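Order of the sequence lines sets the chain letters (A, B, ...), proteins ahead of strands, with each chain counted from 1. Owing to the predicted nature of the structure, the values given are computational and were not obtained by experimental measurement.
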Amino acid sequence: MTEFRMPSLGADMEAGTLREWKVKPGDTVERGDIIADVETMKGIIEIEVFDAGVVEQLLVKEDEKVPVGTVMALIRPAGETAAPKPAERHPPEEIPSAPAHESLRVSPLARRIAAENHLDLSTVQGSGEGGAITREDVEKAVAERDIRLKPRPSEPAAAPAASTENIRMAVAAAMSKSNREIPHYYLETSIDMSKALAWLAEANRERPVAKRLLPVVLLIKATAKALREFPDLNAVWDNGLQRKEEINIGFVISLRTGGLIVPAIRNADQKSPDELMETLNDLIPRARALKLRSSELSESTITLTSLGDDGADAVFGVIYPPQVAIVGFGGIREQPAAENGLLGVRPVLRATLAGDHRATDGLTGSRFLATLKQLLQQPETL
Amino acid sequence: MTEADIKTTIFQLLKRIAPDTDPATLGPTDNIRDTLGIDSFDALQFIIALNEQLGIEIPEQDYGKTGTLEQLIAYIKTKGIL
């Protein structure tokens, strides 16, 4: 049996309020299916399941607030035989079946109480003769579970809807944690964007308006591609450096009402500039409406922040834990630039890297920025 | 379509892009993006919306000619919308 737990959607999240189950016991689910809406400080998040199977039990009631890691549902993996139903169980529409464990010694009354309370008997320690599970054992287990799942007095069950203040507090929590725990180092490089912008202008000339690309897709693609050569930057710090296979760029999106949210662009290194633009067209409006999926908030392996053409010249980011790096891009500015002994005016982008010094050293970061620069000056390779 | 109609359409599209703003307060020479706090992504969505609503295609090299309300209306006029 697979346990489906309240996911962590970022370093700032300690608990979430289940607003709605999208499935019921007996439903078949596939990996990636949305099975619940959970309210967090970042809004109502669609929660996906990561295992295919059949929903066996829903353990958390709607509008309950539970800590991250709490078992919310039991899912019987695909291909696994359904547990036999208790002989005296009520109709499924009235009482969802609790799994029966025929190998366990359980009194009929205890089994019935367990079924009525959706309690997995395999989690109960029997105190009866020969380890048999008695009515008292089941009642005690149910009571203990209910206490565990009950919202603490300081945590109202009905959390307020996401607001500017909530988002601000979520950002504050994550950034404070980062500042406490991560020894940052900072590096910066200037990149001549002449070729990249020329490539982009040419590409956009051939596209209908709705398919035009923004410069940021080149920044995302170049960052993702450079990371392939520097896997220590595409990692998390959790009792040591843990590299991540997928390159999932957490893209910082500012909210119009203040604050920011950082959904993941999955496998960004494998996406073309057009595919990255399509992803942004989907992601940005949903992020600003606070309608993201759980995986989009939990799977980033590095963060990228771009201030855009109206932004400051450079940004020195704060790493989003447990990640180990953040890449920052300022606005593209026309600046005097020397090349081959000649001075000219060029569109220049200042790119920065903030790295976790526990995970990498400045030399790795410096080489990463050099590769990033090289890629952005050869846009045809992106 | 009159100039007033164009203005109304512009305001409706801007309101859709930036719902928390009041485009009607834009002065004729105010920079639209700066005044309403529209970033490059939303600016592109606005260009796309103008294309869909009015059938005009603004090439990238003309973006600089459409920065203010006055400039944008004048630009749309040159596209034969009036």
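- Residue Lys7(B) qualifies as open at atom NZ: its count of foreign heavy atoms under 6.0 Å is 12 or below.
- Taking non-hydrogen atoms and a 4.5 Å limit, the residue list of residues 213-220 of chain A in contact with chain B, ordered by number, reads Leu213(A), Leu214(A).
- Of all non-hydrogen atoms in Ala18(B) and Arg256(A), the two that sit nearest each other are CB-NH2, 3.3 Å.
- Ile58(B) touches chain A through its backbone: at least one of N, CA, C or O sits under 4.5 Å from a heavy atom, while the side chain does not.
- Scored by the side-chain hydrogen bond (donor to acceptor under 3.5 Å, both in side chains) test, Thr303(A) finds Gln323(A) as partners (sequence neighbours excluded).
- Only the side chain of Gln45(B) comes within contact range of chain A, with at least one heavy atom under 4.5 Å from a heavy atom of that chain.
- For residues 271-288 of chain A, heavy-atom neighbours of chain B at less than 4.5 Å comprise Met277(A), Leu280(A), Asn281(A), Ile284(A), Pro285(A), Arg288(A), sorted by residue number.
- Residues of residues 35-44 of chain B lying within less than 4.5 angstrom of chain A, judged on heavy atoms, are Leu36(B), Gly37(B), Ile38(B), Asp39(B), Ser40(B), Phe41(B), Asp42(B), Leu44(B) in numerical order.
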CA sep, side-chain torsions, deciding dist, call: Ile48(B), Arg212(A), side-chain contact (heavy atoms from CB on, under 4.5 Å): CA-CA 9 Å; Ile48(B) 293 170; Arg212(A) 281 182 193 163; over 6 Å; no
